[in-house]
Amino acid sequence: MGTLHIIHTNDLHSHFENWEAIVAKITAYKKSLPAGDELLVMDLGDHLDRSHVFTEATAGKGNVELLNEAGYHFVTIGNNEGITLSHEQLETLYSEAQFKVVLSNFFEPDGTRPEWLHPYVIHTTSFGKRIGLFGITAAYDEYYKQLGWHVTSPLDSVKESIQVLAPQVDLVLCLAHVGRTMEEEIADQFPEVDLLFGAHTHHTYSDNYVWGRTHLSAGGKWGMHIGVAVIQFTETAPAITTTLHPVQPSSSDTTNSKLIERGEKLLEVSVFSNDEHLPTAWEVESKLSERLGEALITYTEADCALFPAGLLLTDLYPGEISAKMMHDLLPHPINPCIVTCTGADLIEAYGIAQNEKWPTLEVRGLGFRGKQLGKLIFANFVKTGVGYQVNGEPVETKKKYKLATVDMFTFGYFFPRFKELPKVYFMPETIRDVFIHYSASSNDSKRIK
């Protein structure tokens with residue numbers, strides 16, 4: 001009756017040191033395909049990550065180029081495609097794509113769908129079987145709204161997609177960038193989904209993993225694995241097997257170094273001039289962290305600021321500073337935000353920030369692309385012998401203050417109270433953009449004087 005093979009990847013995060021080996025596996029699999037069988041290749045999102053210089057320099061279009069060259073057929077998007085690029089950058093990201101972007105819970109603010117995506121696709125195989133594919137992404141709608149998009153409930157979208165697809169197809173396939181917990185919830189609520197490829201929380205499943213009647217497969221992170229699903233169509237139900245295969249980069253792989261070189265060349269443009277050497281320091285305050293604090297407060301018009309010194313990864317030297325140098329200094333796809341809090345909230349946050357574990361804490365995820373968190377630094381907020389001050393004035397416990405910080409501090413892990421307080425996120429500006437804007441503006445002010 002026919003056999004369909006599917007290779008899937010997820011959460012590469014621009015770890016191109018694994019890309020050549022991934023492409024080699026796809027190529028080898030194609031060559032070994034039995035006559036009459038068909039192969040589809042899919043990606044589950046977060047293929048790009050602006051922490052890599054090639055992705056940053058090409059605004060993600062370099063990643064699309066690589067997916068084209070590797071022969072991908074379908075992709076969905078993750079939060080790194082969705083909320084680390086501006087509206088215009090995402091609108092044009094897939095303009096040269098030779099594959100289809102499949103995503104059912106993503107809209108313009110007026111409820112229309114962007115022209116560059118398909119809510120679902122019905123793919124007819126070479127042997128006549130109809131495969132219904134739909135994609136969903138994590139509903140960070142608060143962030144998407146800031147960028148001029150609207151993302152709806154993934155579960156509602158699953159229900160709607162199944163209602164359309166199930167009566168028309170021989171197999172329902174979900175491309176899901178929503179995380180393991182929701183994947184299992186989908187399998188619980190919607191047994192009509194025959195096969196689900198998962199992503200977002202960097203998890204894996206054992207081979208031939210089944211939840212209810214839905215087969216689940218996910219490949220971890222950074223391209224360390226590829227997933228393979230084989231669907232054998234019979235006169236009754238399709239027979240599905242899923243396996244995970246480790247990716248082992250070759251020592252002779254030059255793909256990543258070449259992409260880095262291409263990206264660095266594109267970013268060799270001056271963004272401002274620097275007057276003095278500003279060394280980085282992760283465990284103490286420094287002139288460099290002072291500059292970042294001033295930049296955050298000035299850009300956001302806040303009363304004070306809070307951020308980790310571990311954001312600053314390199315020294316800043318005198319002379320012309322290029323976009324590449326700034327990417328080395330602050331590679332994180334992290335956005336600034338304002339938390340509106342009381343003086344009592346500020347004092348509580350100051351106490352939490354004194355925890356001795358923070359400077360040496362190794363952080364992974366949350367947009368942080370450094371190593372250790374470093375000292376938690378307050379700007380314009382100090383503890384004195386007689387109490388606390390903001391901008392030299394005594395802190396009033398019930399008074400409202402605007403605290404500029406980084407989005408990673410609002411998710412609840414570091415400062416649980418921040419998750420509940422009113423917030424305004426600045427998007428698509430990253431902390432790197434804010435630092436550049438402040439430094440360039442300071443140069444202009446000096447010239448005017």
Side-chain angles (χ1 to χ4, degrees), residues 6 8-10 12 14 40-50 55-124 130-166 168-169 172-178 197 199-200 333 427-429:
I6 301 174
H8 60 96
T9 56
N10 63 276
L12 183 74
S14 294
L40 296 175
V41 186
M42 307 181 185
D43 186 77
L44 284 300
D46 278 5
H47 188 276
L48 66 79
D49 193 308
R50 290 183 62 181
T55 298
E56 173 69 9
T58 63
K61 289 193 174 185
N63 293 69
V64 173
E65 174 188 323
L66 295 175
L67 289 165
N68 284 342
E69 292 172 351
Y72 277 69
H73 299 92
F74 302 102
V75 309
T76 197
I77 76 165
N79 44 289
N80 271 264
E81 287 86 5
I83 60 178
T84 71
L85 299 175
S86 70
H87 186 103
E88 182 181 0
Q89 287 171 331
L90 182 54
E91 186 75 55
T92 60
L93 177 62
Y94 299 106
S95 59
E96 302 298 324
Q98 297 167 15
F99 49 82
K100 291 181 178 179
V101 182
V102 185
L103 185 57
S104 60
N105 64 325
F106 191 92
F107 299 88
E108 301 279 4
D110 64 2
T112 59
R113 297 185 190 274
E115 293 181 357
W116 49 269
L117 61 75
H118 305 264
Y120 59 85
V121 172
I122 296 177
H123 171 78
T124 302
R130 291 163 65 82
I131 314 300
L133 305 91
F134 67 96
I136 49 175
T137 197
Y140 295 129
D141 197 42
E142 184 177 1
Y143 303 96
Y144 279 106
K145 283 180 179 177
Q146 292 282 110
L147 294 166
W149 302 112
H150 176 46
V151 176
T152 59
S153 161
L155 292 177
D156 289 347
S157 192
V158 173
K159 182 178 180 180
E160 293 165 4
S161 299
I162 288 172
Q163 287 175 343
V164 173
L165 292 173
Q168 304 184 63
V169 300
V172 175
L173 168 60
C174 178
L175 310 182
H177 194 98
V178 294
F197 297 146
H200 185 47
M427 302 180 74
E429 304 97 318

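The analysis underlying the following values was restricted to heavy atoms, covering all of them including side chains, and did not include hydrogens, waters or symmetry mates.
A side chain to side chain contact (heavy atoms under 4.5 Å, CB included) with Ser14 is found for one member of Asn63, Leu66, Asp46 and no other, namely Asn63.
Annotation: the span from Thr76 atom OG1 to Leu103 atom CG amounts to 4.0 Å, rounded to 0.5 Å. Interatomic distance, CZ of Phe134 versus CG of Asn105, reported as 10.0 Å (0.5 Å rounding). Rounded to the nearest 0.5 Å, atoms OH (Tyr94) and CD1 (Ile77) are 6.0 Å apart. Met427 CE to Leu85 CG: the interatomic distance, rounded to the nearest 0.5 Å, is 10.0 Å. Rounding to the nearest 0.5 Å places CD1 of Ile131 at 8.0 Å from CG of Leu40.
For the pair Gln168 and Ile122, the minimum side-chain heavy-atom distance is below 4.5 Å. Using a 4.5 Å cut-off on side-chain heavy atoms (C-beta onward), Val64 and Thr58 make no contact. Residues Val101 and Phe106 are not in side-chain contact: their nearest non-hydrogen atoms beyond the backbone lie 4.5 Å or more apart. No side-chain heavy atom of Trp116 sits under 4.5 Å from any side-chain heavy atom of Leu93. Two residues are said to be in side-chain contact when any heavy atoms from C-beta on lie closer than 4.5 Å; Phe197 and Asn10 fail this criterion.
Residues passing the side-chain hydrogen bond (donor to acceptor under 3.5 Å, both in side chains) test with Glu429, sequence neighbours excluded: Tyr299. Partners of Arg113 according to the side-chain contact (heavy atoms from CB on, under 4.5 Å) rule, which considers only residues two or more places apart in sequence or in another chain, are Phe107, Leu117, Pro119. His123 is linked by a side-chain hydrogen bond (donor to acceptor under 3.5 Å, both in side chains) to Glu38, counting only residues two or more places apart in sequence or in another chain. Residues satisfying the ring-ring contact (aromatic ring centres under 6.0 Å, His included) criterion with His200, sequence neighbours excluded, are Tyr140, His177. Every residue meeting the side-chain hydrogen bond (donor to acceptor under 3.5 Å, both in side chains) condition with Thr112, not counting sequence neighbours, appears here in chain and number order: Asp110. Partners of Asp49 according to the salt bridge (charged side-chain N to carboxylate O under 4.0 Å, His left out) rule, which considers only residues two or more places apart in sequence or in another chain, are Arg369. Residues satisfying the side-chain hydrogen bond (donor to acceptor under 3.5 Å, both in side chains) test with Asp43, not counting sequence neighbours, are Thr9.
Scanning both residues, Thr84 and Arg50, for their nearest heavy atoms gives O-NH1, 2.7 Å. The two atoms that bring Phe74 and Leu133 nearest to each other are CD1-CD2, 3.8 Å, heavy atoms only. In terms of heavy-atom proximity, Gly60 sits nearest to Leu48 at CA-CD2, 3.9 Å. When every heavy atom of Ala138 is checked against every heavy atom of Val178, the shortest pair comes out as N-CG1, 3.9 Å.
For residues 93-107, the set of pairs meeting the salt bridge (charged side-chain N to carboxylate O under 4.0 Å, His left out) definition, not counting sequence neighbours, is empty. Applying the salt bridge (charged side-chain N to carboxylate O under 4.0 Å, His left out) test to every pair with at least one member in residues 59-74, sequence neighbours left out, gives these pairs: Glu65-Arg262. Applying the salt bridge (charged side-chain N to carboxylate O under 4.0 Å, His left out) test to pairs two or more places apart or on separate chains, none has a residue in residues 77-92.
The 12-atom threshold is exceeded at OH of Tyr143, counting heavy atoms of other residues, nucleotides or ligands nearer than 6.0 Å.
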I'd like a table of donor-acceptor pairs (distance under 3.5 Å, sequence neighbours excluded) in which one partner is a side-chain atom from residues 144-152, with atom names and distances.
unit_1 : atom_1 : unit_2 : atom_2 : d
Gln146 : NE2    : Tyr425 : O      : 2.3
His150 : ND1    : Asp141 : OD1    : 3.1
His150 : ND1    : Asp141 : OD2    : 3.2

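Side-chain atoms of Ser86 come within 3.5 Å of backbone N or O of Gln89 as a donor-acceptor pair. A donor-acceptor pair under 3.5 Å links the side-chain atoms of His73 to the main chain of Val41, judged by distance alone. Using a distance-only test at 3.5 Å, with no hydrogens or angles considered, a donor-acceptor pair links the side chain of Ser104 to the main chain of Gly135.
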- Message: One pair to check against side chain to side chain contact (heavy atoms under 4.5 Å, CB included): Glu108 and Glu115. What are the steps and the verdict?
- Response: CA-CA 10 Å; Glu108 301 279 4; Glu115 293 181 357; over 6 Å; no
